Structure formats: C-alpha cells, structure tokens
Amino acid sequence: MAQGLLIQGASPLVGSPITYKVQAAVISGECAFHRVKLTVTCFLEGVDLASQALTLASPAESGEILYFDISSALRAVADKYEYTVTPPASYPRIGYTLSACDEYMQNGEVHDNVGVVTLSTTQYCIMGAYTDLERLLSSGSKLAQHFSRKPSTQPEVVMVGESMVCPLSFASPVSSGNVTVGPTSQVVNITTAGLQTVNGRQVYAVAAGQTDRYQFRFVNGLGCLESVSVRSMRETEMNVTQEQYIRSIQETFGQFSRGLVTKKNDYETWKLTSGPLDEAWAAWFMHEFLMAKFAWIMIAGHWIPCHIVPEDTVKGLDRTNASLIDIEFSVRLDINGSPLSSLAV
C-alpha cells in the first residue's frame, strides 16, 4: 500500500513548492504498469468553499519513494480570488486534504485504489511566493511572518493627505499547513508632515499640494496589497485602434461611396519615474513594484485600475557616473477615455 504522506519541504505560500513524500507499495511479481496517485482536495476559504479535487500521478517502482509538489493544484484554486483596491479584514487561506493510493496491472488485471492513505486533517496555506534567493537560503523549507519586502535603508517618501497600505506581519513565524489566519493589510492616513513612524517603518511626509505626485496600490509578490507614492509625470501617450472601410451607397453623378473610420481603445499610457532612490530601493522598485500583476493609481480622487509596464530594459544602478538612481516605467490605464474628464462623477 502507499505509505507516507509526509511533508518533505515547503512554505506556507502556494507560489513556492509544497512537497510531500509518498512511498509506493511493495508488489511482488512483474507489473505491466505501476503508478502512485495523489489526490489534492482544496478550497478557497470564505470565497469558494466548494472543494476541487485534482489528481497527480507518477510512474513508480515497487517500494519507490516519490515526491509530489502540490503547489500547482493549490494555485489553481487561489487564482479564483479577485483582489480589490481596498484590503479585506484578512486574505483568504487555501485549505486542502490529501489522499494517496497505488494503481497497477498484473496478469492482465487492473488493481485500482490499492492501499489508500489519507491526510484527513485540513491543512492551510496562503497566497504569495518566495523569490529564488529566499528559497535558496531557506535550506529546503521556509516559515512565513513578514509580508513586505520594502527596504529600511532610507525613509519612504509620501505626501500629506495620502494613505499608506501596510501589510502586517504575523506575531510569530508560521509553517506550512499551520496557518491559523490569513495575513492582512492596514490602511493608514498620512495627516502630518515630517519624519514619522508608520507601522514600525520610517516615513517622511512632504507637504500637501505637490504636483505630479501619484499614489499606487498594488499586490506584492507575497500576496498582500501594498502602496507606494511616486513623483514626476514625464509624458502621456495614447495608442488608438483604427479600422478603415468604405461605406457603399447607390452612386449618382454627384454622390459617391465614402471612406469611414472607426476608432476605439483609447487607453492612455503615462510615463513616470520613481524619483531619487538608493540602491536598495531601486532594487525593490525593479523586482517588486514593476513585477506587480494587479495595480491601481489614484487620479483626481479616484482609484483607477492599471498595469505597470516596465521598459524592455530597466536601468538601475550605474556606477559609471555620479547621477542619482531613478527607475523609469510606464503605467497603462485600464479604462477608455480621459481619466481627467470634467464629467466624471
């Protein structure tokens, strides 16, 4: 019978491998085929409680130890969650149970569901992923506690009147399968100027009314909503889709068929810069902010969904000259028309 269902190496984040070890049954005699099947039954807490079962299978030799990474099955369920610009009380967990069995053919007879073993206690993990370096330095498994990668080498610059979204850390590290509650992000309104501490971070707030300063909220690589404030709008541009055709009419001596054109998809693209940065913050902008899949920008008092679009080559640190580091990027708005329309309610 299948033996084991022992966790081999994992993290609480579904974007990183979650590996279980299973030992195939010891079968005497020759088999036409032999494989071990691992069924992952999972659900998204508070969003979709309907269980979804996915089966992973691997060819096996008699008594062979096999390793199954179940994170891809859990991500299929986690992808059902839709982020919004307002953080929830806590992000949902992904719950799962496991069962394993052997399947083989011997003497022309198929033996299925042989020696079923189960991990019936529901295990929980959360969204997000560790970077390759974080995994490399983790020695096979990693706990989760902090949900922001912002550096602390210099204060974060914001503006009075803005709001910061800060992912909160757990009180203590949690291991894979033992997440009792999902992480959360807190919204903090900036009301006073100057150097201050916000959720344990050094923040410098400039006076209100600064031109060309924009707030972003985005989902970071650890699966939590976070914010950043940038300055200096460089330029705006728009790419319009055009289709030309001929409108045919009954022609007379003075009337002709005429050419027409339809125009659509007038999405605006804004080219921005991060402002002056040190080396650590430049690396954060390149590898965290620019890599965000979900983002919103505050324009004229409204949060507008957008995509962060890096250039083909992003220039960071340059020791060949003495200029300040700043990261240039583009923001493509996810709405048609002008975001500054005077008719906007």
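Computed from a prediction, not measured in an experiment: that's the story for all the values here.
- Side-chain contact between V40 and Y20 is absent, with no heavy atoms from C-beta onward closer than 4.5 Å.
- Distance OG/S138 to CG/L133: 10.0 Å, rounded to 0.5 Å.
- A side-chain N or O of D69 and one of S71 form a donor-acceptor pair less than 3.5 Å apart.
- Within the model, atoms CG of L222 and OG1 of T131 stand 8.5 Å from one another, a figure rounded to the nearest 0.5 Å.
- Looking at residues two or more places apart in sequence or on another chain, you find no ring-ring contact (aromatic ring centres under 6.0 Å, His included) involving F68.
- Under a hydrophobic-cluster definition in which Ile, Leu, Val, Met, Phe, Trp and Tyr are linked whenever side-chain heavy atoms come within less than 4.5 Å, directly or via other members, W296 and Y81 are assigned to the same cluster.
- Taking the side chain as every heavy atom from C-beta outward, F147 and C166 never approach each other to under 4.5 Å.
- Rounded to the nearest 0.5 angstrom, I126 CD1 and I94 CD1 are separated by 8.0 Å.
- Taking the charged nitrogens against the carboxylate oxygens, K142 and E134 have no contact shorter than 4.0 Å, which rules out a salt bridge.
- Heavy atoms of other residues, nucleotides or ligands lying less than 6.0 angstrom from NE2 of H307 number 12 at most.
- Contact record, S16 with Y130: OG-N, 3.0 Å, taken as the closest heavy-atom pair.
- There is no path of hydrophobic side-chain contacts, each under 4.5 Å, that joins I190 to F218.
- Under the 4.5 Å side-chain criterion, counting only non-hydrogen atoms from C-beta, Q123 is not in contact with I18.
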Go through the steps for S185 and C224 under the test side chain to side chain contact (heavy atoms under 4.5 Å, CB included), then give the verdict. CA-CA 7 Å; S185 296; C224 292; 3.8 Å; yes
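- Between the side chain of T269 and the main chain of V331, no donor-acceptor pair closer than 3.5 Å is present.
- Expressed to the nearest 0.5 Å, how far CG of L272 lies from CD1 of I327 amounts to 13.0 Å.
- Closest non-hydrogen pair, Y104 versus C31, comes out as CD1-SG, 3.9 Å.
- Counting only heavy atoms from C-beta outward, the side chains of N220 and P167 approach each other to under 4.5 Å.
- A donor-acceptor pair under 3.5 Å is formed between the side chain of Q196 and the backbone N or O of T192.
- With E268 contributing its side chain and D266 its backbone, the two residues share no donor-acceptor pair below 3.5 Å.
- Other residues, nucleotides and ligands contribute at most 12 non-hydrogen atoms within 6.0 Å of the CD atom of E61.
- When the side chains of ILVMFWY residues are joined at heavy-atom separations under 4.5 Å, either directly or via intervening members, I308 and I304 end up in a single hydrophobic cluster.
- With rounding to the nearest 0.5 angstrom, the SG atom of C101 is 7.0 Å from the CD atom of E103.
- A side-chain donor from one of S229 and R213 sits under 3.5 Å from a side-chain acceptor of the other.
- Between the side chain of R201 and the backbone N or O of P151, at least one donor-acceptor pair lies under 3.5 Å.
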Please tabulate, one pair per line, all N/O donor-acceptor pairs under 3.5 Å involving side-chain atoms of residues 282-294, not counting sequence neighbours.
unit_1	atom_1	unit_2	atom_2	d
E288	OE1	R149	NH1	3.1
E288	OE2	G221	N	3.0

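- A donor-acceptor pair shorter than 3.5 Å cannot be found between the side chains of S58 and Y67.
- Taking the six-membered ring for Trp and the full ring otherwise, the centers of Y214 and F216 sit at least 6.0 Å from each other.
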Using the side chain to side chain contact (heavy atoms under 4.5 Å, CB included) rule, take M127 and Y83 through it: C-alpha gap first, then chi angles, then the decisive distance, then the call. CA-CA 12 Å; M127 293 175 285; Y83 286 94; 3.7 Å; yes
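- Of all heavy-atom pairs spanning L38 and L98, the tightest one is CD1-CB, 4.3 Å.
- Checked by atom type, the side-chain pair E226/S148 shows a donor-acceptor distance below 3.5 Å.
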Could you please spell out the steps behind the side chain to side chain contact (heavy atoms under 4.5 Å, CB included) verdict for K21 and I65? CA-CA 7 Å; K21 178 174 67 174; I65 295 177; 3.4 Å; yes
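- At least one side-chain heavy atom of W270 sits less than 4.5 Å from a side-chain heavy atom of L333.
- The backbone N or O of A57 lies less than 3.5 Å from no partner atom in the side chain of R35, so there is not a single donor-acceptor pair.
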Criterion side chain to side chain contact (heavy atoms under 4.5 Å, CB included) on Y204 and V158, from CA distance to verdict: CA-CA 6 Å; Y204 185 83; V158 296; over 6 Å; no
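- Interatomic distance, L119 CG to T39 OG1, rounded to the nearest 0.5 Å: 12.5 Å.
- Looking only at distances, no side-chain donor or acceptor of D132 sits under 3.5 Å from a matching main-chain atom of R135.
- In this structure, A10 and T19 approach most closely via the heavy-atom pair CB-N, 4.2 Å.
- Scanning all heavy atoms of the two residues, the minimum distance from S169 to H146 falls at OG-ND1, 2.8 Å.
- Judged purely by atom type and a 3.5 angstrom limit, S163 has no side-chain atom pairing as donor or acceptor with the backbone of N189.
- D112 and K37 are joined by a salt bridge, as a carboxylate oxygen and a charged side-chain nitrogen come within less than 4.0 angstrom of each other.
- A donor-acceptor pair shorter than 3.5 Å cannot be found between the side chains of Q202 and S152.
- Side-chain heavy atoms closer than 4.5 Å link hydrophobic residues (I, L, V, M, F, W, Y) into clusters, and following such links, even through other members, never connects L277 to M159.
- For the residue pair S274 / D326, no side-chain donor-acceptor distance below 3.5 Å is found, with atom types taken as modelled.
- In this structure, R93 forms a cation-pi arrangement with Y124, its terminal cationic atom sitting closer than 6.0 Å to the ring centre and no more than 45° off the ring axis.
- Residue R75 comes nearest to V14 through the heavy atom pair NH1-O, 2.9 Å, listed as atom of the first residue, atom of the second, then distance.
- Within the 3.5 Å criterion, the main-chain N or O of L143 finds no donor-acceptor partner in the side chain of S175.
- Neither V160 nor V203 shares a network with the other; the hydrophobic side chains, linked directly or stepwise wherever heavy atoms of I, L, V, M, F, W or Y lie under 4.5 Å apart, form separate groups for each.
- The shortest distance between side-chain heavy atoms of Q186 and M164 does not fall below 4.5 Å.
- Residues Q215 and W303 have side chains in contact (heavy-atom distance under 4.5 Å, counting atoms from C-beta outward).
- Contact annotation: the side chain of N199 approaches that of V188 to within less than 4.5 Å [non-hydrogen atoms, C-beta and beyond].
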